[in-house]
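Below is one structure, written out as structure tokens; comments come after it.
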Amino acid sequence: MAYEFGAIEPKWQKRWEEAGSFHVESDDAKPKFYCLEMFPYPSGALHMGHLRNYSIGDLTARFLRMNGYNVMYSTGFDSFGMPAENAAIKMKTHPAKWTLRNIDHMTAQFKSMGCSYDWRRTVKTCLPDYYRWNQWFFLQMLKKGLAYRKHAPVNWCETCGTVLANEQVIGDGVCWRCGTPVVKKGLDQWFLRITDYAQELLDCIDGLDGWPERVLTMQKNWIGKSLGVRFNIEIALTDLSIEAFTTRIDTIFGITFVAIAAEHPIVNELAERSAPEKRDEILDFARRMSNRSAIERTAVGGDKMGLDTGFKAINPANGGLVPIWIADYILMDYGTGAIMGVPAHDQRDFDFVRKYGLGMIPVVRREGEPIPDPESMTSAADADGIACNSGRFDGLPTPEAIERIGEWFEEKGWGTRETQYRLRDWLISRQRYWGTPIPVVYCDHCGIVPIPEDQLPVELPMDAVIPENGGNALLNCPDWIDTACPRCGARARRETDTMDTFFCSSWYFFRYLSPGSGEAPFRPEDARYWMPVDLYIGGIEHACLHLIYARFFTKVISDLGLVPPDVREPFTGLLTQGMVIKDGAKMSKSLGNVVDLDEIIRKYGADTARLFILFASPPDKSLDWSDKGVEGANRFLGRVHRLVEENMASLLASPRRRAAMSELQDDGKRDLKRLIHSTIDRVTRDIRDERQFNTAVARLMELCNGLASFKPRDDTDRAIHREGVESLLLCLSPFCPHICEELWEMLGSEEWLAVSRWPEADPDALKADCVTIVLQINGKLREQFRMTPGLSREELSNRVMAMDETRARLEGLEVVKIISVPDKLVNVVTKK
RNA sequence: GCCGAGGUGGCGGAAUGGCAGACGCAGCGGACUCAAAAUCCGCCGUGGGCGACCACGUGGGGGUUCGAGUCCCCCCCUCGGCACCA
């Protein structure tokens with residue numbers, strides 16, 4: 001009987017499901033482990049990236065279950081978002097219909113992979129039963145002042161017809177989903193005050209030992225903390241002033257101009273105070289600059305554009321007058337939107353000044369060197385040095401000058417030292433239909449009024465028709481928009497913006513813990529038992545998106561008192577899996593190098609697919625898909641199948657009592673027993689400690705090869721052989737659960753592998769009977785000897801030096817030194 | 001420019017400072033077969049030698065060490081992230 005994966009796999013999937021083998025409940029008697037995977041967006045079908053993600057997750061869950069852990073393991077669907085709307089237009093259907101059909105298909109795919117989820121805990125974020133809690137969280141944040149609405153220059157994607165969060169503008173200023181260059185628009189939008197948590201998000205990074213270093217650095221860069229001084233600059237001959245921020249207050253005496261962003265509110269004030277012609281010039285320039293796309297604006301080293309406003313600023317440090325310019329390289333949404341221009345010590349200011357012929361004053365010199373001549377400078381001197389041209393601060397090294405001038409500014413009341421972050425508040429409103437409605441109304445009398453909690457959910461109207469031009473379908477639902485104000489009862493208008501889908505994915509892992517909970521998003525006692533997530537598996541592309549949002553949400557949830565105060569971080573461990581590559585490129589429909597999961601499973605089975613993807617590469621590195629490699633994995637499973645089938649009679653006839661190592665005399669028996677236990681030992685460590693699944697598979701292949709070439713001759717042989725086969729099946733089962741269950745059953749075992757105990761390596765069987773000792777002469781390998789292990793340094797070198805081969809090798813050479821490493825080698829150093 | 005991860009056979013990849021290339025893929029040779037597929041056995045870094053063996057070999061150049069893919073310094077290349085952030 002050949003290896004019939006097509007029959008075996010559905011058989012076991014059905015059995016596990018019917019028996020509820022993977023249902024899990026809190027149990028204080030067992031250690032818990034929360035294994036979490038990034039849940040998929042229901043785009044239509046699982047792809048190879050999913051196969052990799054979920055193979056790693058299922059392996060981990062099964063392995064830990066077998067090791068006595070109570071394992072939380074579920075999945076769900078992140079099912080709101082743009083693609084559903086686009087598909088709805090294209091296929092002339094409704095986003096809900098399209099989404100739910102995809103979910104059905106993908107659920108079947110999950111099952112065909114053999115994933116050991118507790119399906120009772122699954123979530124679909126597009127259903128009211130889930131998104132009502134998005135609304136509930138939003139209201140809590142609104143109450144705490146963490147959610148707010150403001151007018152701001154925001155990122156707008158024309159193709160998606162909506163605004164985007166800062167984190168969703170990627171690369172050189174394009175939309176994360178469709179790649180369209182993003183433009184800035186001034187709009188009223190909803191934000192979450194994630195910046196309130198900037199410092200804590202940064203501080204907690206040090207405690208995230210289980211995260212890859214690179215994700216932590218990416219997050220640190222993203223949060224981007226800098227210490228500096230915010231200070232006031234008065235505008236001469238007016239009652240106006242501007243605030244500026246700098247990290248280099250030590251260069252304050254080097255200011256030769258002040259620059260402000262085109263969107264800075266002061267621009268209008270200055271324009272109004274100008275002569276009509278100048279006014280038009282200023283307003284026109286400001287408008288032109290702010291209408292440019294993010295790509296144009298942020299091109300590094302791009303030509304800087306500026307306009308002199310004609311006004312003068314007063315340098316607080318020395319009373320000097322400098323011109324005020326509008327400059328395109330000043331960003332309104334960082335710092336204060338205005339800077340002090342110090343061209344001698346800032347490259348951007350340097351470039352600007354060289355273009356527009358403004359002056360330059362060096363105020364820092366290199367130690368031991370004279371003050372540089374501005375004329376001969378070819379670039380800004382931004383390195384630390386010694387203050388000069390700076391009055392009484394002359395002679396101070398840069399760090400000290402920063403400190404002293406900062407103190408001086410605070411004493412004089414000119415400014416305050418403060419911390420700036422690159423991180424911006426999270427813009428969560430989207431001008432889209434397929435998302436969670438933001439639960440507020442606009443009332444002419446009461447203003448913005450939150451929907452009372454007992455009226456949640458605010459359901460998305462299902463009869464909306466998605467406009468062909470891609471606009472927000474909610475705008476075409478007058479019956480839905482038109483409502484009564486919950487406060488005064490007058491006619492009011494519903495908010496038609498919906499929430500960013502990243503809102504949904506920021507807390508779904510809490511919902512798994514309390515499926516169906518109607519009173520709260522989750523039950524605190526469930527979170528107390530299960531949180532935090534012990535291992536989170538997913539792609540690195542979420543390093544500065546979902547993984548920051550989820551950390552923020554967890555801190556908010558903790559501050560709301562829904563989890564114990566010590567749970568400040570959601571994910572203790574993080575495994576960022578590498579991409580799946582084919583023919584040198586990421587799999588994509590446009591390149592036509594996509595491999596279909598259903599087809600792979602039909603042709604080779606899920607066990608083969610899982611085995612290949614776990615074997616081909618370590619989990620965090622990118623993986624080359626190879627059709628030949630898949631066949632190799634399939635071939636290996638065929639060998640395992642034959643190993644059991646062809647030895648069935650002998651395996652069934654073997655005595656149930658296992659022989660201890662000490663009872664075995666014969667070398668063949670001892671070697672096999674040692675192979676079995678060293679395999680168990682290595683595989684256990686590879687999975688548990690190193691997460692090197694590829695080498696674990698290699699070890700299992702070696703064991704299989706060893707078992708296949710072993711021919712049992714007596715009962716002791718048969719017992720060892722059976723022990724080996726059982727160990728192989730136990731250790732292989734988290735990788736390839738179906739075939740292992742099948743063969744395990746054929747061996748007459750009563751308990752399923754899914755609920756069996758992981759084997760333990762017998763320390764007695766790990767000890768070697770003899771070791772290979774290498775003779776090196778001057779570090780080069782010359783001879784090998786078999787010797788008993790555990791010899792002392794002296795004993796080992798004496799024995800090796802006494803060997804005939806050694807003496808022959810050393811003839812005519814003068815021995816200078818002998819290095820002896822027990823159980824390893826002897827290195828003889830000779831004179832040339 | 002800054003930060004991070006890498007660079008090992010034809011390929012994917014192994015190697016607590018101690019036998020480089022485990023395991024697999026591809027390839028070559030053989031067995032079985034009328035034949036093919038499947039399967040099984042053997043070979044498989046480069047150069048030299050009939051051979052036991054010898055020399056060279058982990059991006060390049062130095063260094064530490066009895067001994068370096070592994071540690072230190074300099075350089076080159078690839079990939080990823082951030083970047084007019086004051």
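All values below come from the heavy atoms of this structure, side chains included, with hydrogens, waters and symmetry mates left out. All chains are named by letter (A, B, ...) in the order of the sequence lines, taking the proteins before the strands, and each is independently numbered beginning at 1. Note that the structure is predicted; figures quoted are calculated from it, not measured.
Note on A:Q784: a base of the nucleic acid sits closer than 4.0 angstrom, heavy atoms only. Among the atoms of the strands shown, none is found under 4.0 Å from any heavy atom of A:D349. Here A:T336 lies out of heavy-atom contact (under 4.0 Å) with every strand. Nucleic acid contact for A:G224: none, since no nucleic acid atom lies under 4.0 Å from a heavy atom of the residue. Among the protein residues, A:R642 comes within range of the sugar-phosphate backbone only, with heavy atoms under 4.0 Å from sugar or phosphate atoms but none that close to a base. No contact: A:S626 has no heavy atom under 4.0 Å from any strand.
A straight line from CZ of A:R685 to P of B:A15 spans 11 Å, rounded to a whole angstrom. When rounded to the nearest whole Å, the span between CG of A:D382 and C1' of B:C84 equals 13 Å. The nearest whole Å value for the distance from the CD atom in A:E690 to the P atom in B:A14 is 12 Å. Summarising the geometry, the separation between CZ on A:F693 and P on B:A14 is reported as 13 Å, rounded to the nearest angstrom. Rounded to whole Å, the distance from CD1 on A:I242 to P on B:A86 is 19 Å. Between A:K824 atom NZ and B:G18 atom C1' there is a gap of 7 Å when expressed in whole angstrom units. A:K220 has its NZ atom 14 Å from the C1' atom of B:C82, to the nearest Å. When the C1' atom of B:G81 is taken as reference, atom CG of A:L547 falls 14 Å away, rounded to whole Å.
Of all heavy-atom pairs spanning A:R52 and A:M579, the tightest one is NH1-O, 3.3 Å.
A 4.5 Å side-chain heavy-atom check between A:Y421 and A:L201 finds every atom pair outside the cut-off. A 4.5 Å side-chain heavy-atom check between A:K355 and A:M305 finds at least one atom pair inside the cut-off. Residues A:F502 and A:H542 are in side-chain contact: their nearest non-hydrogen atoms beyond the backbone lie under 4.5 Å apart. A:I330 is not listed as a side-chain neighbour of A:H264, based on a closest heavy-atom distance of 4.5 Å or more. Looking at heavy atoms from C-beta onward, A:L545 lies in side-chain contact with A:Q168 at the 4.5 angstrom threshold.
Judged as a side-chain contact (heavy atoms from CB on, under 4.5 Å), and not counting sequence neighbours, the contacts of A:N647 are A:L643, A:L651, A:H721. In this structure A:E805 satisfies the salt bridge (charged side-chain N to carboxylate O under 4.0 Å, His left out) test with no other residue, sequence neighbours excluded. Legend: residues meeting salt bridge (charged side-chain N to carboxylate O under 4.0 Å, His left out) with A:R685, ordered by chain and number and at least two apart, are A:D681. In this structure A:V821 satisfies the side-chain contact (heavy atoms from CB on, under 4.5 Å) test together with A:I819, A:K824, A:L825, sequence neighbours excluded. Listed by chain and number, the residues in a side-chain contact (heavy atoms from CB on, under 4.5 Å) with A:R786 are A:C770, A:T772 (sequence neighbours excluded). Applying the side-chain contact (heavy atoms from CB on, under 4.5 Å) rule to A:P399 yields the partners A:D384, A:P397; only residues at least two apart in sequence or on another chain are considered.
Nearest nucleotide to the side chain of A:T695, out of B:A86, B:A15, B:A83: B:A15. Side-chain proximity of A:M218 to B:C84, B:G81, B:G24: nearest is B:G81. Closest approach to the A:M701 side chain among B:A22, B:G24, B:C82 is made by B:G24 (side chain taken as heavy atoms from C-beta onward). Out of B:C84, B:A86, B:A15, the shortest distance to the side chain of A:I330 is found at B:A86.
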Every protein N/O within reach of nucleotides 1-12 of chain B N/O, cut-off under 3.5 Å:
unit_1, atom_1, unit_2, atom_2, d
B:G12, O2', A:A616, O, 2.7

Do any N or O atoms of the protein come closer than 3.5 Å to N or O atoms of nucleotides 66-69 of chain B, and which pairs are they?
unit_1, atom_1, unit_2, atom_2, d
B:C66, OP1, A:K817, NZ, 3.4
B:C66, O2', A:N827, ND2, 3.4
B:C66, O2, A:N827, ND2, 2.5

Between N or O atoms, less than 3.5 Å apart, protein on one side and nucleotides 53-58 of chain B on the other: list the pairs.
unit_1, atom_1, unit_2, atom_2, d
B:C54, OP1, A:R809, NH1, 3.1
B:A55, OP1, A:R782, NH2, 3.2
B:C56, OP2, A:K780, NZ, 2.9

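The residue among A:P618 and A:C544 whose nearest nucleotide of RNA chain B is located toward the 5' end is A:P618. Heavy-atom distances to RNA chain B give each of A:E631 and A:I339 a nearest nucleotide, and the one nearer the 5′ end belongs to A:E631.
Aromatic rings of A:F352 and A:F257 (six-membered ring for Trp) have centroids within the 6.0 Å cut-off, being under it. Residues A:W414 and A:F231 place their aromatic rings such that the two centres sit no closer than 6.0 Å.
Put simply, A:N694 has no side-chain N or O that comes within less than 4.0 Å of OP1 or OP2 on B:C23. Between A:R635 and B:A26, a side-chain N or O to OP1/OP2 separation shorter than 4.0 Å is present.
Salt bridge annotation for A:D671-A:R674: present, with a cationic side-chain nitrogen under 4.0 angstrom from a carboxylate oxygen.
Below 30°, between 30° and 60°, or above 60°: for A:F735 and A:F693 the angle between ring planes is above 60°, a perpendicular geometry.
For RNA chain B, no neighbouring residue in residues 785-799 of chain A is found when judged by any heavy atom under 4.0 Å.
At least one donor-acceptor pair closer than 3.5 Å links the side chain of A:Q347 to the backbone N or O of A:A380.
Each side-chain hydrogen bond (donor to acceptor under 3.5 Å, both in side chains) pair with one or both residues in residues 241-254 of chain A, not counting sequence neighbours, appears once here: A:R230-A:E243, A:N232-A:S241, A:R248-A:D250.
For B:G9, the O4'-C1' to base torsion is within 90° of 0; the nucleotide is therefore syn.
Every stem involving RNA chain B, taken as at least 3 paired positions in a row under the Watson-Crick or G-U wobble test at 3.5 Å, is listed here: B:1-7 with B:76-82, B:10-12 with B:23-25, B:27-31 with B:39-43, B:45-48 with B:53-56, B:59-63 with B:71-75.
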How far apart are the C-alpha atoms of A:F636 and A:C736, what are their side-chain angles, what is the distance that settles it, and do they pass the side-chain contact (heavy atoms from CB on, under 4.5 Å) test?
CA-CA 11 Å; A:F636 168 68; A:C736 310; over 6 Å; no
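Contact annotation: side chain of A:E702 to base of B:C23, donor-acceptor pair absent below 3.5 Å.
Taking atom C1' on both nucleotides, B:C25 is separated from B:A14 by 15 Å, rounded to a whole Å. For B:G47 and B:C34, the P atoms lie 40 Å apart once the distance is rounded to whole Å.
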